[in-house]
Q: 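Structure in structure tokens, see below.
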There are 2 protein chains.
Amino acid sequence: MTSHEQSLQYLQSLGYRLTPQRLLVLEIVAEGGSHMGVDEVYRQARAAYPYMDLATVYRTLRLFKQVGVVTEVAIGNRLHYELTDPGEKHHHMVCRDCHRAFNLSPHYLEEFRDTLIKEFGFAPDLEHFTVSGDCVDCRAGAAPAAGSTINNADNWENAES
Amino acid sequence: MTSHEQSLQYLQSLGYRLTPQRLLVLEIVAEGGSHMGVDEVYRQARAAYPYMDLATVYRTLRLFKQVGVVTEVAIGNRLHYELTDPGEKHHHMVCRDCHRAFNLSPHYLEEFRDTLIKEFGFAPDLEHFTVSGDCVDCRAGAAPAAGSTINNADNWENAES
DNA sequence: TATGTTATCGCCAATGTTTGCATTAACTGG
DNA sequence: CCAGTTAATGCAAACATTGGCGATAACATA
Ligand SMILES: [Mn+2]
Ligand SMILES: [Mn+2]
Ligand SMILES: [Zn+2]
Ligand SMILES: [Zn+2]
């Protein structure tokens with residue numbers, strides 16, 4: 001059973017209906033690589049199914065996020081989505097200057113989560129966790145070229161074409 | 001010299017002009033208690049100065065945030081602002097269920113910041129840091145009454161009316 | 001105080017996202 | 001299969017936030 005089919009079965013098990021629109025959006029996000037913008041998903045969806053509505057894309061992505069099938073990343077002030085890979089979960093660091101998104105291993109947040117629960121009873125939603133800040137390149141003052149290779153470590157990743 | 005005057009002088013020292021609109025917004029946010037919604041600021045501002053425009057409120061608050069005079073907190077999917085008290089800086093935990101915001105001492109984030117800088121050269125913007133999650137009350141299943149007293153510790157605080 | 005420069009304002013339109021509502025179609029049980 | 005129930009869709013309008021632009025007013029300078 002593929003990862004798609006698993007997700008779809010999971011949705012169904014929660015009582016959600018399996019519509020062609022949901023099928024389509026899931027497929028697009030899965031194939032689309034990392035951090036797909038909403039409009040990108042919308043365009044591709046409408047290409048395959050011309051009646052697709054933008055509101056449906058938003059609602060579908062929100063649902064997928066809610067149940068954990070996709071991960072939402074706010075880049076700049078736009079929403080982006082990627083498939084939640086259960087094996088390779090990660091959080092995000094978004095540069096407020098160049099607006100690229102980098103992946104962050106969950107490891108770096110474990111103690112933080114434990115502390116919040118122990119001290120305050122507050123269970124942080126780290127599935128949807130994003131820190132903003134300034135990336136190495138932008139801190140160095142050099143505006144990084146659009147297609148620059150910046151992977152210093154294996155949990156760094158380019159976003160936004 | 002009051003805290004206002006200090007902030008205003010600081011703005012001026014950065015080359016920004018001291019307009020009555022900025023005066024007004026600063027005053028409103030300062031008096032308004034914690035986590036003021038944009039529309040709330042707008043209404044009060046327009047009451048005092050009928051020509052006040054919503055765009056000006058947004059621009060002013062954005063500027064104030066940029067220079068550190070106010071702190072932005074995203075609650076639900078709306079922006080809220082509070083005065084940045086240099087003595088009592090804090091971050092925020094927002095409950096995704098009851099949508100209340102709680103304060104979090106910077107102490108709990110120090111190691112996290114250090115790690116990100118050391119490991120990735122990524123300087124997180126923790127001035128504007130907010131974690132979402134589920135608060136004690138909502139986790140207990142009990143929908144907390146609107147005016148309930150929930151301060152278990154001295155860095156917990158009610159938000160939103 | 002008078003004058004020039006230019007940041008900021010008010011107004012309006014655009015954008016990104018959410019919501020209400022009537023219609024459609026996915027599921028359920030027979 | 002068939003019909004009934006109700007969640008999900010498409011469409012349109014609302015909402016929250018941002019941006020362009022010409023007019024105004026804050027500040028510097030004399
Ligand atoms: Mn990612
Ligand atoms: Mn606060
Ligand atoms: Zn950057
Ligand atoms: Zn709560």
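Chain naming here is simple, since letters A, B, ... match the order of the sequence lines and numbering starts at 1 in each. Scope of the values below: all heavy atoms of this structure, side chains included, with no hydrogens, waters or symmetry mates.
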Q: Give the rounded distance in Å between these two atoms: CG of L54(A) and P of dG16(C).
A: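 These atoms are roughly 10 Å apart.
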Q: Report the relative orientation of the aromatic rings in H90(A) and H92(A); use parallel for angles under 30°, tilted for 30 to 60°, perpendicular for over 60°.
A: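 Rings of H90(A) and H92(A): perpendicular, as their planes differ by over 60°.
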Q: By nearest nucleotide on DNA chain D, pick out whichever of N77(B) and P20(B) is the more 5' one.
A: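 Result of the comparison: N77(B).
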Q: Measuring to OP1 and OP2 of dA8(D), would you say a side-chain N or O of R17(A) lies under 4.0 angstrom away?
A: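 For R17(A), the contact criterion (side-chain N or O under 4.0 Å from OP1 or OP2 of dA8(D)) is not met.
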Q: Let me know the distance between CG of L61(B) and C1' of dT17(D), rounded to the nearest Å.
A: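 The answer, rounded to whole Å, is 12 Å.
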Q: Would you indicate which nucleotide in dA26(C), dC11(C), dC15(D) comes nearest to any side-chain atom of D53(B)?
A: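 Out of dA26(C), dC11(C), dC15(D), the nucleotide with an atom closest to D53(B)'s side chain is dC11(C).
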Q: Determine whether any donor atom in the side chain of R59(B) lies under 3.5 Å from an acceptor atom in the base of dG20(D), or the reverse, and answer yes or no.
A: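 It does, because a donor-acceptor pair links the side chain of R59(B) to the base of dG20(D) below 3.5 Å.
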Q: By nearest heavy atom, map T19(A) and V38(B) onto DNA chain D; which one lands nearer the 5' end?
A: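 Residue closer to the 5' terminus by nearest nucleotide: T19(A).
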Q: M36(A) CE to dG16(C) P: how many Å, rounded?
A: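 In whole Å, dG16(C) P lies 16 Å from M36(A) CE.
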Q: Before we go on, tell me: are the rings of F64(B) and Y16(B) under 6.0 Å apart, centre to centre?
A: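 Here the rings of Y16(B) and F64(B) have centres that are no less than 6.0 Å from each other.
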Q: Can you tell me if H91(B) uses its side chain to pair, donor with acceptor, with the backbone of L126(B) under 3.5 Å?
A: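 Confirmed, H91(B) side chain pairs with L126(B) backbone.
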Q: Give a yes/no answer on whether the side chain of Y49(A) brings an N or O atom under 4.0 Å of OP1 or OP2 in dG10(D).
A: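 Yes, because at least one side-chain N or O of Y49(A) sits under 4.0 Å from OP1 or OP2 of dG10(D).
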Q: Respond yes when some side-chain nitrogen or oxygen of R62(B) is under 4.0 Å from OP1 or OP2 of dG19(D), and no when none is.
A: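 Yes, within the criterion.
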Q: Does Q21(A) place a side-chain N or O at less than 4.0 Å from the phosphate oxygens OP1/OP2 of dG10(D)?
A: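 Yes, within the criterion.
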Q: Counting the atoms with a prime plus P, OP1 and OP2 as sugar-phosphate, which does P50(A) contact under 4.0 Å by heavy atoms, base, sugar-phosphate, or nothing?
A: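 No contact.
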Q: Rounding to a whole Å, what distance do you find between L18(A):CG and dA7(D):C1'?
A: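 Rounded to whole Å, this separation is 13 Å.
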